[in-house]
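Only this structure's heavy atoms are used, side chains among them; waters, hydrogens and symmetry mates stay out. Here, residue 1 is the first one in the sequence, and each next residue gets the next number.
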Amino acid sequence: MAITFDKALGIHQHALETRVKRAEVLANNMANADTPGFKARDLDFKSMMQKAQNDMSGFGMEKTHAGHMDSSAGAGNADLLYRVPEQPSVDGNTVDAQSEQTRFMRNAMDYQASFQFLNSKFTGLTKALKGE
């Protein structure tokens with residue numbers, strides 16, 4: 001029986017990819033903290049992980065006819081959500097720089113944890129191949 005990387009690595013690779021995407025979105029928010037009218041965005045990590053798990057299980061939705069709508073994860077920015085500001089600024093910008101920095105640092109720590117999990121999976125696979 002052949003083993004694939006998807007089965008061997010589990011959800012950890014998808015978690016790492018999602019953390020990278022979220023870091024990009026949060027960095028973009030921080031870069032536009034002084035841009036009038038800029039709306040802060042974020043990713044829903046939980047829903048993206050649920051989508052990845054459904055895709056891995058093989059029970060996800062599939063486009064079987066040309067008239068069907070595309071329900072894949074790569075369909076534009078469907079996973080990007082607008083953040084509701086606690087206190088919007090006068091110029092319409094919804095970025096709170098301190099909150100964004102906090103979210104960015106938390107995401108960085110979560111990225112490190114996901115990376116550690118993925119690294120331990122590779123270490124285990126290496127040991128299994130060597131017969132240790």
Side-chain angles (χ1 to χ4, degrees):
M1 179 167 108
I3 186 167
T4 64
F5 275 116
D6 287 337
K7 289 181 182 177
L9 301 179
I11 196 79
H12 301 299
Q13 65 180 351
H14 299 290
L16 200 63
E17 292 169 359
T18 303
R19 294 288 179 205
V20 169
K21 288 179 189 176
R22 186 163 190 240
E24 291 172 358
V25 171
L26 294 174
N28 186 44
N29 287 348
M30 288 189 291
N32 287 292
D34 295 327
T35 304
F38 183 81
K39 306 297 182 205
R41 309 281 306 260
D42 204 349
L43 296 174
D44 184 6
F45 183 79
K46 187 175 181 179
S47 71
M48 289 185 75
M49 288 296 93
Q50 185 65 43
K51 201 178 295 184
Q53 196 168 23
N54 290 343
D55 290 347
M56 286 176 54
S57 69
F59 293 115
M61 296 184 68
E62 187 175 325
K63 186 175 176 178
T64 58
H65 186 271
H68 291 166
M69 294 183 354
D70 189 11
S71 65
S72 65
N77 291 332
D79 297 322
L80 279 176
L81 306 172
Y82 286 101
R83 182 168 299 126
V84 178
E86 294 177 23
Q87 184 175 359
S89 64
V90 176
D91 64 0
N93 187 310
T94 62
V95 177
D96 179 9
Q98 290 177 341
S99 296
E100 292 300 321
Q101 286 178 332
T102 303
R103 287 182 183 99
F104 188 84
M105 291 307 298
R106 174 60 194 241
N107 188 63
M109 289 188 300
D110 291 341
Y111 173 86
Q112 287 296 324
S114 295
F115 186 79
Q116 294 269 339
F117 284 126
L118 195 57
N119 189 33
S120 67
K121 288 283 190 178
F122 275 113
T123 303
L125 287 172
T126 303
K127 286 182 179 180
L129 290 172
K130 290 181 180 179
E132 295 178 6

* Within a radius of less than 6.0 Å around CE of Met105, do more than 12 heavy atoms belonging to other residues, nucleotides or ligands occur? -> no

Between Ile11 and Ala52 the two heavy atoms that sit nearest each other are CD1-CB, 3.8 Å

In short, salt bridge (Lys or Arg N to Asp or Glu O under 4.0 Å) pairs touching residues 11-27 with sequence neighbours left out are Arg19-Asp110, Arg22-Asp42

Validation: residues 125-132 side-chain donor-acceptor distances under 3.5 Å, sequence neighbours left out:
| residue | atom | partner | partner atom | Å |
| --- | --- | --- | --- | --- |
| Thr126 | OG1 | Phe122 | O | 2.8 |

message: Under the criterion side chain to side chain contact (heavy atoms under 4.5 Å, CB included), I'd like the reasoning laid out for Val95 against Glu100: C-alpha separation, chi angles, the key distance, then a yes or no.
response: CA-CA 7 Å; Val95 177; Glu100 292 300 321; 3.6 Å; yes

*asked:* Looking at Thr35, is its backbone amide N or carbonyl O close enough to the side chain of Asn93 to form a donor-acceptor pair, meaning the two atoms are under 3.5 Å apart?
replied: yes

Correct closest heavy-atom pair for Tyr111 and Leu16 would be CE1-CD1, 3.4 Å

### Query
Any chance CG of Asp34 has more than 12 other-residue heavy atoms, nucleotides or ligands included, within less than 6.0 Å?
no

- request: Could you tell me whether the side chain of Asp91 and the main chain of Gly37 form a donor-acceptor pair under 3.5 Å?
  value: no

Hydrophobic cluster membership, Val20 vs Phe115, 4.5 Å side-chain cutoff: yes

* Give a yes or no on whether the backbone of Gly92 and the side-chain of Lys39 come within a donor-acceptor separation of less than 3.5 Å. => yes

task: May I ask you to test the Arg83-Arg41 pair for a side-chain heavy-atom distance under 4.5 Å?
output: no

One should read off an interatomic distance between Leu26 CG and Arg103 CZ, to the nearest 0.5 angstrom, of 8.0 Å

Between the CG atom in Asp44 and the OG1 atom in Thr18, the distance rounded to the nearest 0.5 Å is 10.5 Å

Taken to the nearest 0.5 Å, the spacing of Ser99 OG from Gln87 CD works out to 11.0 Å

So NE2 of His14 and CG of Leu118: to nearest 0.5 Å the spacing works out to 10.5 Å

Heavy-atom nearest pair, Asn29 first then Ala40, reads OD1-CA, 3.7 Å

*Is the number of heavy atoms from other residues, nucleotides or ligands within 6.0 Å of CZ (Phe45) greater than 12?*
yes

query: Any side-chain heavy-atom pair from Asn28 and Phe38 closer than 4.5 angstrom?
result: yes

The reported gap from NE2 in His12 to CE in Met49 (rounded to nearest 0.5 angstrom) is 11.0 Å

query = Is Leu81 close to Leu43 at the side-chain level, that is, under 4.5 Å between some pair of heavy atoms?
reply = no

